[in-house]
Number of protein chains: 2
Amino acid sequence: MQHQLLLDGIAKYVSLSADEQQEIISRFHYKKVKKKQFLLETGDVSNRSLFVISGCLRSYAVDKNGTEHVLQFAPTGWWITDMRSYLTGEPARLSIDAIEETEVLYVSKADFEELNAHISKFEHFNRVLAQKALATYQHRQIDNTILAAMERYANFCELYPSLIRSLPQKQVASYIGVTPEFLSKMLNTTLVK
Amino acid sequence: MQHQLLLDGIAKYVSLSADEQQEIISRFHYKKVKKKQFLLETGDVSNRSLFVISGCLRSYAVDKNGTEHVLQFAPTGWWITDMRSYLTGEPARLSIDAIEETEVLYVSKADFEELNAHISKFEHFNRVLAQKALATYQHRQIDNTILAAMERYANFCELYPSLIRSLPQKQVASYIGVTPEFLSKMLNTTLVK
DNA sequence: GCAAAAAGTTAATGTAGATTAAGAGGAATT
DNA sequence: AATTCCTCTTAATCTACATTAACTTTTTGC
């Protein structure tokens, strides 16, 4: 079932009745996108929150030179959105596209708010999820100011062992905040062959 | 009243009954700390979430050279904690201390969870607050990889006009991620006198 | 199965910001 | 009122990483 992974994810934090599960499922919509296809483009309003059921998405911003900088990867079981745009209705600064063929479930903001209002366990889940994500960003911020590029790379490998294998190196470079040239040099200079 | 500012902050998002207000207040404790006094030290478990009612706190981490890196300032009306340690019970990576004499309200994690379980409006408030904070960290992450130091400084001035006046310049330098020497040079070279 | 595009490599050169050091003005503690 | 500490400044030197460019290898689309 398309919605099973979503329900499983929620079930790790709260136990929903069959009715509640049904109500939640009814608000989520399925979409399949091909590699490189966009789910959000800079300047548009992010009116969806996305949950990945297969494949992998990324969010990124573009600097004044046109270089892309990856904020987040979202493999199976992850959530992704431009949170500011989603909350405020401002145009998004991030773009979200597919790294490979990907299946997602999405909720509109209106439906998401209604679910939170109707099902307190769902709101509890989202509160905890947002706090966990917040903790992650707090520590990533610290890591980025304190650690050198090689240590950030090591962190990435530890945190996303599956992605290291499947992702082009230049995407990893973009996430950890260095150029692909520098990452290549770093890996081929540092490691013993 | 000591708790008024807290209730006002919550009231911007949800309207609580007098009973609910009372229940919330009963779980928050008052504490006054002097300049440089700690509210959390690296290695301890962050078992409190802090709300500032006067003065200003900061959270920071220390690198291998002993240099402090500020993650967040919390002036009047702001929340601050080491979210990961608070959620998981792991030892904190952040320290929190007072930049000036400061009054805070704090809740233990157990009380915070009980309040969320009893008062659904409180949990709604916290869900929204966590999502807003998340949006802020997402964009700060992007800013830090895309913008040069001068632009990050300009952002800071816009975002915290009150702090710019009251904070020692080296604290601002630490927040935007440069050395005090470099910030000084940058400001005195760039500006027309 | 082939052409074209994308990804990875190597190396020379460039630069934003760090480090070190030393001095000057301010503010806090006695 | 003096002492101590903290903050800010200036300047020389240093370094992690960026940029540019040219080349090779791998992947993708038709």
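Letters go in sequence order (proteins before strands), and every chain restarts at 1.
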Task: Between A/Tyr160 and A/Phe73, ring centroids under 6.0 Å - done: no
Open item on the list: Please give me the minimum heavy-atom distance between B/Ala74 and B/Val52, naming the atom from each residue.
Closed with: O-CG2, 3.4 Å
Task: For the student: nearest non-hydrogen atoms of B/Thr102 and B/Cys56, plus distance - done: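 Here B/Thr102 and B/Cys56 meet closest at OG1-N, 2.9 Å.
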Among residues at least two apart in sequence or on other chains, which ones pass salt bridge (Lys or Arg N to Asp or Glu O under 4.0 Å) with [X]?
| X | answer |
| --- | --- |
| B/Glu23 | none |
| B/Glu41 | none |
| A/Arg48 | none |

Starting from [atom2] on [N], measure out to [atom1] on [X] and report it in whole angstrom.
| X | N | atom1 | atom2 | value |
| --- | --- | --- | --- | --- |
| B/Lys64 | C/dT19 | NZ | C1' | 14 Å |
| A/Leu147 | D/dA16 | CG | C1' | 14 Å |
| A/Ile146 | C/dA18 | CD1 | P | 14 Å |
| A/Phe182 | C/dG14 | CZ | P | 19 Å |
| B/Ile99 | D/dC6 | CD1 | C1' | 15 Å |

TODO: If a protein heavy atom is under 4.0 Å from the base, mark B; if only from the sugar-phosphate, S; if neither, -; do that for nucleotides 1-9 of chain C going 5' to 3'.
DONE: -----SSSS
Task: Rounded (10°) bend between the five-pair end axes of the helix from C/dG1-D/dC30 to C/dT30-D/dA1 - done: 70°
Task: Below 4.0 Å: OP1/OP2 of C/dG17 and any side-chain N or O of B/Thr179 - done: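 Negative; the distance criterion is not met.
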Open item on the list: Run A/Glu100 and A/Lys36 through salt bridge (charged side-chain N to carboxylate O under 4.0 Å, His left out) and show every step you take.
Closed with: CA-CA 7 Å; A/Glu100 59 196 59; A/Lys36 293 190 183 177; over 6 Å; no
Open item on the list: For A/Ser85 and A/Glu90, which I'm curious about, is there any donor-acceptor pair between the side chains at under 3.5 Å?
Closed with: no
Task: Polar side chain donor-acceptor pair, B/Ser95 to B/Thr42, under 3.5 angstrom - done: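 Yes, B/Thr42 and B/Ser95 have a side-chain donor paired with an acceptor closer than 3.5 Å.
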Find every protein N or O atom lying less than 3.5 Å from an N or O atom of nucleotides 24-30 of chain D, and list the pairs.
{"unit_1": "D/dT28", "atom_1": "OP1", "unit_2": "A/Lys35", "atom_2": "NZ", "d": "3.2"}

Task: Flag side-chain contact, heavy atom, 4.5 Å: A/Asn47 against A/Tyr86 - done: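 No; the side chains remain at least 4.5 Å from each other.
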Task: Heavy-atom side-chain proximity of B/Lys185 to B/Glu181 below 4.5 angstrom - done: no
